[in-house]
K.L.:
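Mind having a look at this structure? Questions to follow.
Atoms considered below: every heavy atom in the structure, side chains included; atoms not considered: hydrogens, waters and symmetry mates. This chain uses plain numbering: 1 for the first residue, then up along the sequence.
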Amino acid sequence: MAAARGKGKAVRRGESKSPFVLGSIFRIFMKNFMTYTVCEVRPGPNLNLVVGANGTGKSSIVCAICLGLAGRPAFLGRADKVGLFVKEGCMKGMVEIELFKPPENILITRKIYVENNASVWFINGKPATLKAVEEQIAALNIQVDNLCQFLPQDKVGEFTKLSKTQLLEATEKSIGSPEMYQFHCELKNFREKERVLENLCREKTTTLEKMKQRVERYKQDVERYHEFKRHTDLIEMLERKRPWVEYENLREQHEEVKQCRNQVKKELKCLKEMQAPWTRRIQETEENLNNLNMKTRDNTAEIRNISQKYKEKQDALEMKDKQIEEINQAFRMKKDEETNRQKKIHQTQQIIEEWQNELDTMAVCENLQPQIDAVNTELKKLQEDKANIDNDVSDLRAEKTSQEQEEKRIIDRLGQLNNIMHMKEENLKMRFRDTHSALMWLRNNKDKFKKTACEPMMLEINMKDSRHAKYVENHISSNDLRAFVFECQEDMETFLAEVRDRQKLRVNAVCAPDESCAEILPSRPIEELHRYGFYSYLRELFDAPSPVMSYLCNQYRVHDVPVGTQKTRDMIERIIQETNLRQIYTAEERYVIKISSYTKQTISSNTCLKEAQYLSSSVDTEERGQLENQRQDISNTLKSLDARLTALFERQKLLDLRDNKLRQEKKALLERGNRRRQLESKIRVKYDSLRQLEQDAIDLEKEFQLANVKIKEINKQKAELVTEVMHLTKRIIQLNVDKVDLAFQMTRVTAKKNRLQSEYKAGTVQLRAAQQRFHELDNRKQLLYDKCKELMKHAQHICRLGPDQDFPEEFKVAFQTLPNTLEEIDAFLSEEKARASCFTGLSPLVVDEYNKQTQEIQQLTEYLEEKRNELNNYKQNIAQVKEKWINLLKVMIEQINGKFSEFFSSMQCVGEVDLHMENEALIFQVLYLSHKMATIQTAGRRLEI
C-alpha cells in the first residue's frame with residue numbers, strides 16, 4: 001500500500017488510465033493531529049516506504065494512516081488512548097484518508113475527541129459506524145495490523161521477532177488470495193481434527209484391548225459363580241421344603257390329639273349326667289342358707305339402728321346434766337360477785353375516810369405564785385441562752401461542712417495530680433527499670449544529701465500545655481530526661497557510688513551549675529520575634545525545680561530557643577538570614593543553623609518532630625503547691641471550729657442541768673399548791689364509785705328461785721328421755737333373741753350342706769379327673785394348631801407365597817426329587833452348604849461386570865470403527881485441500897520470485913525465490929507440527945518461513 005508521497009504527478013478522481021491500484025491511498029489530510037495544525041499529503045502510486053530525518057513528520061503520516069483506517073492506537077506502540085494523538089492544547093482533531101476505488105474514491109474521516117477518547121466516523125461525508133468502516137477497509141484487503149503490509153517504525157523490532165509461521169501467514173494475508181489463507185486455515189483445522197482422531201483411535205484401541213483382557217479374566221470367575229449358584233439354589237430349595245415337612249409332621253400330631261380329646265369329651269358328658277341329682281339338692285340347701293343370711297343381716301341392721309338411737313338418748317341425758325351444772329355454776333358466780341361488791345364498798349369507805357382525815361389536817365395553802373414567777377423568769381432566760389447557743393452551733397456546723405467539702409475537692413484534685421505523677425512513674429518503670437529503682441532509693445535516703453537532689457527530669461518537668469511536650473522532648477536528649485539533677489557535686493558522687501557501684505544500676509546523673517542560670521534572660525525579647533510567628537521560648541513552656549531549670553538553661557539554652565508556628569515555617573529562609581538564631585522550632589520541625597568555619601556560609605538542617613513519649617502527662621506544680629497550702633489552711637480552720645463547738649457544747653450542757661433543776665423546783669411548788677384540790681377531787685370520785693357499787697347490788701334469793709325453776713324443767717325433760725331409753729332397751733333384747741334363733745337355724749342348714757357336699761365330692765373325683773384330662777388335651781390341641789399355623793406361615797414366607805395362594809406346581813416337582821424326612825433333608829443341606837462354602841470371594845457383581853464389559857466392548861468396537869472411517873475422510877479432505885493450497889502457494893512464490901529478481905537486478909545483483917518440495921509428505925507433516933511452511937532460497941542463503 002502506498003504510504004508516502006511519490007515524485008510523480010498525482011492523478012485526480014475520474015482520470016482515465018490511473019496508475020493507482022484498487023485501495024491505494026490517494027490523499028491524507030490531518031487537522032490538529034500530533035504536531036500539525038493542518039497538513040495534507042498526496043502519496044504517489046509507486047512508493048511504499050517513508051524515510052526522512054528525525055522530526056520531519058514520518059510518524060505523523062504513519063499514525064494518521066493507522067488511525068484513519070480503523071487501526072488500534074496500541075498497534076503503533078506510542079499510546080494506548082486515541083485522545084493522546086490530538087495536538088496538545090486542542091480538544092479535538094481529525095484524520096481524513098481518500099482511498100482509490102473507481103469510479104468514485106472512498107473518503108474515510110475520523111474525528112477524535114480528547115474528552116472520553118471518543119471517535120466519530122464518516123464515509124464520503126456521511127456518518128458511519130466503526131464496523132461499517134472496518135467492512136469497507138476489509139473489502140479493499142487493507143490490513144493495518146499486518147506487519148507484512150503496514151510496518152510502523154516502532155514495530156520493526158516486533159517484526160523481527162515474528163515466527164516463521166507468523167511470517168508465512170502474514171505474507172498469505174498480505175499478498176495472497178483469500179482462498180489461499182482459507183485453505184491454509186482449513187489444513188490446520190483438518191490436521192488438528194486428524195490428530196485428535198488419531199489420538200482418540202489410539203486411546204480407544206488400547207482401552208479395547210485392556211477391556212478384552214479384563215473380560216477374559218472375568219470369564220473363569222463367572223463360570224465358578226454359576227456353579228456356586230447351582231449349589232445355593234439347591235440349598236434354597238431344601239430350606240423351602242424343610243418347613244413344609246415340619247408342618248406335615250406337626251399336623252399329624254394335631255389330628256391324633258384331636259381324636260383323643262373328642263373321646264374324653266364323651267366320657268365327661270356321661271359323668272355330668274350322673275352327678276345332676278346331687279347338684280340339685282346342694283343348690284336347694286344353698287338357697288335356704290342364703291335366705292337365713294338375709295334375715296340375719298336385716299336383724300343386725302335393725303339392732304344397729306336402735307343402738308344408735310339409744311346412744312343419742314344417752315347423749316341427750318348427759319347434756320341435760322351439764323345444763324343443770326351450768327345453772328348451779330352461774331348462781332355460784334352471782335354469789336361470789338355479790339361478796340366482792342361488799343368488800344369493795346368497805347374498802348372505798350376506808351379510803352374516803354383516810355383522805356378526809358388528811359384534808360382536815362391540811363393547813364390553808366400559802367401564796368406560792370411569786371416563787372413560781374421567779375422560776376419561770378429564769379427558765380425563760382435559760383431558753384434564750386440555749387437558743388443563741390443552738391444558732392451558734394448551726395452556724396459553726398454549716399461552716400465546718402463547707403470547709404470539709406472544700407477540703408474534699410482539694411484532696412480529689414491532689415489525687416488527680418498524684419495519679420498523673422504515678423502514670424509518669426509507671427512510664428519510667430516500664431522504660432527504664434534501673435532508673436526507677438534508683439528513684440526509690442533516692443526517696444528513702446534524701447537525708448544523706450547536703451543539698452537538693454532532684455528526681456529524673458522527666459518527672460520534674462511539668463508542661464504547661466501537653467501539646468508543647470514534643471518541643472521539649474526533641475530538644476533534650478533521652479539520656480538527660482532520665483537523669484537525676486544535683487546541686488552539689490559531692491551529693492552526685494555519693495548517689496552514683498551507691499546506685500552504680502553497689503547496686504549495679506545503669507543510671508545517669510548531672511550536676512547543676514554552681515551559679516544558677518534559671519533566671520537568665522534571652523538574647524532578645526520574644527516580642528521582637530512575634531512578626532516571624534514565634535510566640536514563646538522553650539523555657540516558658542514548662543515548669544521545673546530551680547536546679548533542673550538551671551541545668552537546662554546552661555546545657556540546652558532553653559531560655560534562648562524560640563518556638564514558632566506554620567507562619568515561621570513559611571518564612572524560614574528570611575528568619576535564617578535576619579535573626580542569626582542557632583536553633584528554632586516551627587509547628588512540626590526543628591531547624592539547626594550553623595556557620596561554616598571555612599566558607600563562613602550559613603548551613604541549616606531541619607528534622608521532623610517526633611511525638612512526645614515522656615512529658616505528655618504533666619503536673620502543674622504551682623497549682624499543686626497552692627492546693628497543699630489551701631488544704632493546710634482548711635485543716636487549721638477545722639480544728640478551730642471543733643474547739644469552738646466543744647466549748648459551746650460544754651456551756652449547753654451546763655444550761656441543761658440548770659434548766660432541769662429549775663423545772664424540778666417549779667414542779668414541787670405546783671404540787672404543793674395542787675395537793676388539796678387533788679384530794680377533794682379524789683374524794684368526790686370515790687363517793688361516785690361508792691354510790692355505783694351500792695346501786696349494783698344482787699338479789700341472791702331471787703336468783704336462787706330462778707335457778708330452781710330451770711332445774712325442775714330440765715329434770716322433767718330427763719324423765720321423758722329415760723322412758724324412751726327403757727323402750728329401746730326392751731326392743732334390743734327381743735332382737736338379740738331373734739338373732740340367736742337365726743344363728744341356730746343357719747348352723748343346722750350348714751351341717752346339712754356339708755353332709756351333701758361330702759357325699760357329692762366322692763362322686764366328682766372321677767368327674768374332675770376327666771375334666772382335667774379334657775382340658776389338657778384341649779390345650780395341647782390348641783397349642784399344636786397355633787404352631788401348625790405358625791409353621792404354615794413360615795413355610796409360605798420361605799416360598800414367597802401369599803395366604804390364599806395355591807402351592808406352585810414347580811415346587812411340587814422340585815420337592816419330589818428331594819428327601820422326605822427332616823433327618824435326610826438336614827444331612828443333604830449340610831453337604832450342600834459345605835460344597836458352597838468352598839466357593840469364596842465370589843459376588844454377583846462379577847456376572848454383572850462381565851455382562852457390562854461385554855456390552856461396552858461391543859459399543860466401543862462400533863464407536864472405534866466409526867471414528868476410523870471419520871479419520872479416513874479427514875485424510876482425504878487434507879489431501880484435496882493440501883493440493884489446492886500448494887498450487888496457490890507456488891503461484892505466490894513465483895510472483896515473489898519475479899519481484900525479488902527484478903529488485904535485485906535494479907541493484908546490479910541476482911537473486912531468486914524458489915519453493916523446494918523434496919518430500920511433500922514430510923513437508924506437510926512439518927508444516928502442521930512445526931509450522932514451517934516452505935523454504936525460500938535467495939542468493940545462496942536459505943530463508944525458512
Side-chain angles (χ1 to χ4, degrees), residues 431 454 456-458 460-483 485 508-616 618:
R431 295 177 179 272
C454 297
M457 294 187 197
M458 62 184 295
E460 296 288 3
I461 295 175
N462 289 296
M463 301 303 302
K464 295 180 180 179
D465 190 336
S466 59
R467 292 175 296 180
H468 298 149
K470 60 182 179 180
Y471 302 120
V472 179
E473 280 197 26
N474 280 271
H475 194 72
I476 303 172
S477 69
S478 60
N479 287 334
D480 277 353
L481 280 175
R482 57 191 177 95
V485 182
N508 296 331
V510 296
C511 185
D514 295 336
E515 184 178 352
S516 177
C517 300
E519 302 298 331
I520 189 171
L521 297 176
S523 59
R524 70 191 74 184
I526 191 64
E527 289 77 9
E528 294 182 7
L529 301 177
H530 282 173
R531 59 196 177 99
Y532 299 113
F534 294 107
Y535 59 86
S536 175
Y537 287 107
L538 273 179
R539 183 178 62 183
E540 320 309 328
L541 301 179
F542 64 92
D543 294 325
S546 180
V548 175
M549 188 64 79
S550 177
Y551 173 79
L552 293 177
C553 290
N554 181 65
Q555 184 69 23
Y556 291 97
R557 300 189 60 79
V558 294
H559 64 286
D560 208 23
V561 178
V563 179
T565 59
Q566 184 61 34
K567 178 182 177 181
T568 309
R569 173 67 181 85
D570 295 339
M571 53 191 310
I572 190 65
E573 295 295 335
R574 178 183 170 190
I575 294 171
I576 293 173
Q577 294 175 2
E578 296 180 0
T579 60
N580 294 325
L581 293 170
R582 294 294 173 258
Q583 292 189 66
I584 59 177
Y585 284 90
T586 65
E588 298 295 336
E589 292 178 321
R590 175 189 183 188
Y591 284 84
V592 178
I593 299 97
K594 296 180 181 179
I595 298 177
S596 174
S597 302
Y598 301 100
T599 63
K600 303 303 179 179
Q601 293 181 347
T602 301
I603 302 171
S604 65
S605 62
N606 66 309
T607 56
C608 292
L609 299 180
K610 299 178 181 179
E611 292 297 326
Q613 299 180 5
Y614 311 115
L615 304 178
S616 56
S618 60

K.L.:
Flag the pair Lys610 and Glu473 as a salt bridge only when some basic side-chain nitrogen lies within less than 4.0 angstrom of an acidic carboxylate oxygen.
P.N.:
no
K.L.:
Among all residues two or more places apart in sequence or in another chain, which pass the side-chain contact (heavy atoms from CB on, under 4.5 Å) test with Arg531?
P.N.:
Arg574, Glu578
K.L.:
If you round to the nearest 0.5 Å, how far is CZ of Arg557 from SG of Cys553?
P.N.:
9.0 Å
K.L.:
Work out which heavy atom in Pro547 is nearest to a heavy atom in Ala512; give both atom names and the distance.
P.N.:
O-CB, 3.6 Å
K.L.:
Could you check whether Lys470 pairs with Glu588 (Lys NZ or Arg NE/NH1/NH2 to Asp/Glu carboxylate O, under 4.0 Å)?
P.N.:
yes
K.L.:
Counting C-beta onward and ignoring hydrogens, is there a side-chain heavy-atom pair between Asp543 and Lys464 closer than 4.5 Å?
P.N.:
yes
K.L.:
Answer yes or no: does atom CG of Asn479 have more than 12 heavy-atom neighbours from other residues, nucleotides or ligands under 6.0 Å?
P.N.:
yes
K.L.:
Got a second to check how far Cys517's SG is from Met549's CE, nearest 0.5 Å?
P.N.:
12.0 Å
K.L.:
Within a strict 4.5 Å, meaning less than it, do heavy atoms of the Met457 and Leu552 side chains meet?
P.N.:
yes
K.L.:
Below 4.5 Å, heavy atoms only, C-beta onward: do Val592 and Ile584 meet side chain to side chain?
P.N.:
no
K.L.:
May I ask you to decide if the ring planes of Tyr551 and Tyr556 are parallel, tilted or perpendicular, using 30° and 60° as cut-offs?
P.N.:
perpendicular
K.L.:
What residues, two or more places apart in sequence or in another chain, satisfy side-chain contact (heavy atoms from CB on, under 4.5 Å) together with Pro522?
P.N.:
Tyr537, Arg539, Asp560
K.L.:
So, the side chain of Arg482 versus the backbone of Met458: is there a donor-acceptor pair under 3.5 Å, distance only?
P.N.:
no
K.L.:
With side-chain contact (heavy atoms from CB on, under 4.5 Å) as the criterion, how do Thr565 and Tyr535 come out once you've worked through the C-alpha distance, each side chain's angles and the decisive distance to 0.1 Å?
P.N.:
CA-CA 8 Å; Thr565 59; Tyr535 59 86; 3.8 Å; yes
K.L.:
Determine the interplanar angle of the Phe534 and Tyr532 rings, folded into 0 to 90°, and report it as parallel if under 30°, tilted if 30 to 60°, perpendicular if over 60°.
P.N.:
perpendicular
K.L.:
How far does CZ of Arg582 sit from OG1 of Thr579, to the nearest 0.5 angstrom?
P.N.:
8.5 Å
K.L.:
How long is the gap from OG on Ser523 to CG on Leu529, to the nearest 0.5 Å?
P.N.:
7.5 Å
K.L.:
Do the non-hydrogen side-chain atoms of Val472 and Met463 ever get within less than 4.5 Å of each other?
P.N.:
yes
K.L.:
With sequence neighbours excluded, tell me which residues meet side-chain contact (heavy atoms from CB on, under 4.5 Å) with Ser604.
P.N.:
Ile576, Ile593
K.L.:
For His559 and Glu519: C-alpha separation, side-chain torsions, deciding distance, then whether side-chain contact (heavy atoms from CB on, under 4.5 Å) applies.
P.N.:
CA-CA 9 Å; His559 64 286; Glu519 302 298 331; over 6 Å; no
K.L.:
Run the numbers on Arg569 and Tyr585 for side-chain contact (heavy atoms from CB on, under 4.5 Å), then give the verdict.
P.N.:
CA-CA 9 Å; Arg569 173 67 181 85; Tyr585 284 90; over 6 Å; no
K.L.:
Does the side chain of Leu541 reach to within under 4.5 Å of the side chain of Val563, using non-hydrogen atoms?
P.N.:
yes
K.L.:
Do Ser516 and Ser546 make a side-chain contact, defined as non-hydrogen atoms from C-beta onward lying under 4.5 Å apart?
P.N.:
yes
K.L.:
In the structure I gave you, are the side-chain heavy atoms of Glu515 and Pro513 within less than 4.5 Å of one another anywhere?
P.N.:
no
K.L.:
Would you compute the distance between atom OG1 of Thr586 and atom CG of Asp570 and round it to the nearest 0.5 angstrom?
P.N.:
9.5 Å
K.L.:
Does any non-hydrogen side-chain atom of His475 lie less than 4.5 Å from one of Gln583?
P.N.:
yes
K.L.:
Taking all non-hydrogen atoms of both residues, which atom of Leu581 and which atom of Pro562 are closest, and how far apart?
P.N.:
CD1-CG, 3.7 Å
K.L.:
Can you measure from CD (Gln555) to CD1 (Ile476) and round to the nearest 0.5 angstrom?
P.N.:
10.5 Å
K.L.:
Take atom CZ in Arg467; do more than 12 heavy atoms of anything else shown fall under 6.0 Å from it?
P.N.:
no
